Amino acid sequence: METDTITAISTPIGEGAIAIVRLSGPEAISITANVFKGKNLFDVPSHTIHYGKIMDPETNEIAEEVMISVMRAPKTFTREDVVEINCHGGMVAVNRVLEIILSKGARLAEPGEFTKRAFLHGRIDLSQAEAVMDLIRAKTDKAMSVALKQMDGRLSALIRRLRQDLLETVAHVEVNIDYPEYDDVEEMSHDMMRTKTKEVHQEIVELLQVAKQGKILREGLATAIIGRPNVGKSSLMNTLVQENKAIVTEIPGTTRDIIEEYVSVRGVPLRLVDTAGIRETEDIVEKIGVERSRQVLKESDLILFVLNYNEVLSDEDDKLFQAIQDLDYIVIINKTDLEQKLNLARVEELAAGKPIVTTSLIKEEGINELEEAIAKIFFAGDIDTGDLTYVSNVRHIQLLRQAKQALEDAMEGLELGLPLDIVQIDVTRTWELLGEIIGDTASDSLIDQLFSQFCLGK
Amino acid sequence: MTYDAGHYDVVVVGAGHAGVEAGLAAAKMGAKTLMLTLNLDMIAFMPCNPSIGGPAKGIVVREIDALGGVMGKVIDKTHIQMRLLNTGKGPAVQALRAQADKPLYIKEMKKIIENEKNITLRQGMVDRLIVEDGVCKGVITETNAAYSAKTVIITTGTFMRGKVLMGDLEYESGPNNQRPTIKLSENLEELGFEITRFKTGTPPRVNSHTIDYSKTEIQPGDEDPRSFSYETTEYITDQIPCWLTYTNEFTHQIINENLSLSAMYSGMKRGTGPRYCPSIEDKIVRFNDKPRHQIFLEPEGRDTEEVYVQGLSTSLPESIQHSIVRSVEGLENAEIMRAGYAIEYDAIVPTQLWPTLETKKIPGLFTAGQINGTSGYEEAAAQGIMAGINAAAKVLGKDPVILDRSQAYIGVLIDDLVTKGTNEPYRLLTSRAEYRLLLRHDNADLRMTELGYKLGLISEERYAAFTEKYRLVEEEKKRLQKLVIKPSTEVNAFLETAGASPMKEAVKAYDLLKRPELSYDLLAPIIDADPSLSHEVTEQVGIQIKYEGYIKKANDQVARMLKMEEKKIPEDIDYDAISGIATEAKEKLKTVRPLSIGQASRISGVNPADISILVVYIEQGNISRLAN
Ligand SMILES: Cc1cc2nc3c(=O)[nH]c(=O)nc-3n(C[C@H](O)[C@H](O)[C@H](O)COP(=O)(O)OP(=O)(O)OC[C@H]3O[C@@H](n4cnc5c(N)ncnc54)[C@H](O)[C@@H]3O)c2cc1C
Ligand SMILES: Nc1nc2c(ncn2[C@@H]2O[C@H](COP(=O)(O)OP(=O)(O)O)[C@@H](O)[C@H]2O)c(=O)[nH]1
Ligand SMILES: [Mg+2]
């Protein structure tokens, strides 16, 4: 049976305010205790919660204030030792905590793995077997396709290029080994290898820095709220933020007037992007012109289009419908507490099957339905998310880190003057790890490369 | 009407490189063995290059030897030169290669077979198998001899519906104008085996007297005595060199002008040829910017004038071959003795085999060698010995023997074949092994001898020598762990003359040896090395210490891999009863029928999600089995 300790962000749906990092496995408690400042977790009774701080082992600074639940086997969901770290700081903080836990030896859980363990330990009964398998299938496929789909095109192109560079280098070493008398290619030298590994290393370091700034990681669905003045956009934003206790952060390195609000709606990370300009005039179409607003819309993964129940449809509404027709949106008909003037049939026609939710933000009605609609659109995979979700992000960062480490091992071997076929072991490892990021793990490509790059034979 | 020609435990069909190892392994394990082959003068004949070993392949020969096989011993006795390749590289990729004396190799091999008491060697053409109730029970030859057998191993190489191609000349034939095997191939097809068509080629041989060696570069063997076999004690000292020359623009022009005449380009060949063994036509078309290609001239033996022209493998018409050969420097007046040709043949799709090399379709029937889609003498011999072991094990009621990918190149080879199949003749390359730092030339004995001994293939004396060697290795490593070297002036002066940086503080001799620039031999004077320790022992000590970190990393990976290998899949699992596995994956799993989750995860087209589901399904322990 499995013996390692797994971890993942497992924020239960509907509890957006608190994000939870869950660990399960024999080392769940010791790994957490390792980075936790507070009570000695080894001594606390099972099923108790403790306040304390997660320390960043690299900087020795406080990473996050947390509440930790310790649950000992076997009375847990997985029947293994389980620790849950409750973070209040939202997406950014929870990712940081997850990274720290991973750096201490836990493994990022495969999709559905907690459930799988629960199942294997007999926690879930046999009649549920099929459901569990479907779940694993769905989650695994989803994670894979999400990871691929959500990766920035430039990132995957860059990784492909780095891999090709490494592959050619490795093939060069291989040809020296498998065809030692083949004179057509010069013997790969330590210097050549050093140059190559340095180049790739530099690029990986830069990638990781970018990741640190949050450009790869930590982004939710870019969500724009649009609609004519006074329909209730700001109210909607406030409601979402208050309901879900969003964090207002300023991403370092970006201009002050761009403010991003992160909310987690039923586990769906939303990034409500708003520029100061848009915020003030409250009408993007008017303020920044149709062209630019189209651009803003295009960069959004999800659009919340607000209409007023109390007004008739205007030309502007028609235009907005047109502007967003190819995008993912939810129509919100607000102010249902007032008299109906809106032609609902016409709205349904224009929305062409997209979800429509009615709300009265003032009376706090319809908000659940809206959140459900958001969650549904996301989990159904309907959304073509331009950004990474946090789960695959962390996986990518982990892999990039490992790739960097493997490359550094190779560079160390080079400095020590070890034979290239030894150094190459770590270069190949780097290539494999980068491949895992883009989901390409076919090992035959080296042999293909060998025979297409060099003219070999008897 | 057939006649009863005898009863055997194991019948081996074919006495090529696979057949001889299969027959000898089975016989030595105690099985009463019959070997049938087309021509007793052609036992372990080399239809192509006169050489054995090379990167990866040379290591395989060492593994075969450590398992008790004979290829290493025979080539040690019959080579004309031997070289250790990749000496400038790390220990993991060094490998021996020997140029063989072909006729002598055959003679020596025949002698060994003739003297094995459990083997009956007989000339004969097997036409079909005796299959009763779906189980293989023997073979029938063209002379109507019916041999009953508990197991049968087919090792018929490139003979199956072999077709020789040269220009527009095309005729049914085995290699080197031997008779092709037609009926047996048809019989296998009738029995339901999936057959594929592969091809390979060989260059012309020229008469040594007609070569002007002064225009070529000499390629001598190593001066240091070396051997494949751990048992060899006598070394051949009078070696014969090979020679190096090149093709040129003129050569390429002739080939380009006549491309349409090549059997390959006129589209007659249906078989798939290997990328690593391209014909000269292929090379010139695919790499047309290369001004020249290397040509090695390799003598085929001491008592023959035939010289193998390595690099000129071709299926162009004979007339063009003359011009091509003569366009090469040093070969201006060369006389071709045998023209080059391509051969097309039937091979069995190897995913039809269990990792024991027994066929899934017909219990009791094993196949080994080129018939399984590989190419190369060493690859054939490797499968031969494993098939021989497993066929005998089956008869004798012993456990099957399957080597994993971390144990031997042989394991890599067979796992690749039965798990992934191959769409071209398969050749071993070091890059196919993910744990090659563990699969070294130097430690093949450490990896295989124990197993060979347990199987009864390794003698008591050899086993005793082996255990003694590794006892000494361990002892010496322990001693070096304890020995502290102080940075005295003498020591530092010594290090400086050796080109190494001086020491600042005292270190263990063990750690000093980890420095890449310092070897055991070099350090011998300051680490009180015991001069009675053999080179084999100190070499082992040196490598094990120096690469300890990397070896450990590899071992960690292996441990993870083995965890997956240990998750067994019942042979009769019913994949159709598992919901959730993708259709393509299901089909693949049903064909390959992997024995472990590890093996399943190496099948292309089986995704991680499928594996997860399979694991869950197996671990929860409620598996549907195929009704038999
Ligand atoms: C033209 C040519 C070029 C090649 N080039 C290369 C190369 O460059 N490099 C390389 O590594 N390898 C090369 N090979 C492959 C190499 O020769 C084989 O891989 C190797 O010999 C295979 O060994 P084997 O034991 O499987 O078959 P073989 O050595 O071919 O032995 C087959 C045996 O089966 C016997 N036999 C066949 N049919 C029957 C029957 N019906 N009944 C009884 N006995 C039968 C034959 O008599 C023979 O003894 C080449 C082969 C050929 C023919
Ligand atoms: N009656 C009613 N008024 C609402 C509702 N939602 C918002 N409003 C009011 O409508 C006005 C405009 O809201 P605001 O959010 O600023 O709209 P915006 O211009 O689209 O951002 C405010 O006075 C809100 O209080 C609602 O559901 N019902
Ligand atoms: Mg507003």
Side-chain angles (χ1 to χ4, degrees), chain A residues 1-3 110-113 116 119-120 122 126 129-130 132-134 136-141 143-144 170-171 173-184 187 409 413 416-426 428-429 441-444 446-448 450-452 454-458, chain B residues 48-49 54-56 85-86 88-93 201-203 219 244 274-280 282-283 286-287 290 293-294 296 310-313 420 429-432 434 436-437 515-517 547 550 553-554 578-582 604 607-610 612-613 615-617 619-620 622:
Chain A
M1 202 121 307
E2 313 292 336
T3 52
E110 309 273 334
E113 199 170 359
K116 175 176 147 191
F119 176 64
L120 290 179
L126 261 163
E130 290 220 340
V132 171
M133 288 188 195
D134 286 349
I136 291 169
R137 160 114 252 151
K139 288 206 177 179
T140 311
D141 285 351
M144 297 255 166
V170 170
V173 176
E174 293 295 335
V175 81
N176 291 156
I177 294 168
D178 273 322
Y179 296 86
E181 278 140 352
Y182 177 61
D183 68 346
D184 198 45
E187 185 85 17
D409 290 349
L416 288 172
L418 290 172
L420 285 181
D421 54 280
I422 299 278
V423 173
Q424 186 254 16
I425 294 173
D426 288 313
T428 307
R429 180 87 193 112
T441 50
S443 56
D444 291 343
L446 174 58
I447 287 160
D448 293 340
L450 204 61
F451 293 112
S452 61
F454 304 103
C455 175
L456 306 166
K458 58 179 172 177
Chain B
C48 199
N49 57 334
L85 304 174
N86 290 333
K89 304 192 179 86
V93 298
T202 193
Q219 305 278 305
L244 172 63
R275 283 172 296 177
Y276 41 80
C277 253
S279 62
I280 187 73
D282 268 324
K283 288 198 259 186
R286 283 187 47 219
F287 296 89
K290 278 198 67 177
H293 295 273
Q294 287 169 314
F296 288 94
Q310 200 226 92
L312 277 191
S313 177
K420 296 184 186 156
L429 297 162
T430 60
S431 45
R432 295 200 197 266
E434 38 295 75
R436 73 177 174 212
L437 188 57
R515 289 216 212 157
E517 75 273 21
Y547 299 101
Y550 283 91
K553 234 191 315 188
I578 307 177
S579 70
I581 294 185
S604 59
N607 297 321
D610 303 312
S612 292
I613 289 170
V615 170
V616 169
Y617 191 75
E619 288 190 359
Q620 53 98 349
N622 181 25

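Since we're looking at a predicted model, the values are computed, not measured. Chain letters run A, B, ... following the sequence lines, proteins first, then strands; residues in each count from 1.
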Checklist entry - Relative to chain B, which segment of A:Ile422 carries a heavy atom at a distance below 4.5 Å: side chain, backbone, both, or neither? => result both

Checklist entry - With only heavy atoms counted, which part of A:Asp409 is less than 4.5 Å from chain B, the side chain, the backbone, both or neither? => result both

So how far is it from [X] [atom1] to [Y] [atom2], rounded to the nearest 0.5 Å?
X	Y	atom1	atom2	value
B:Lys553	A:Ile425	NZ	CD1	8.0 Å
A:Asp421	B:Thr430	CG	OG1	8.5 Å
A:Leu418	B:Lys89	CG	NZ	15.5 Å

Do [X] and [Y] have side chains that approach each other closer than 4.5 Å (heavy atoms only, starting at C-beta)?
X	Y	value
B:Leu85	A:Glu181	yes
B:Leu429	A:Glu174	no
B:Arg436	A:Ile177	yes

Checklist outcome for this item: All heavy atoms of A:Pro180 vs all of B:Pro55, minimum pair found to be CD-CG, 3.8 Å

Checklist entry - Closest approach of A:Pro419 and B:Tyr547, non-hydrogen atoms and distance? => result CG-OH, 3.5 Å

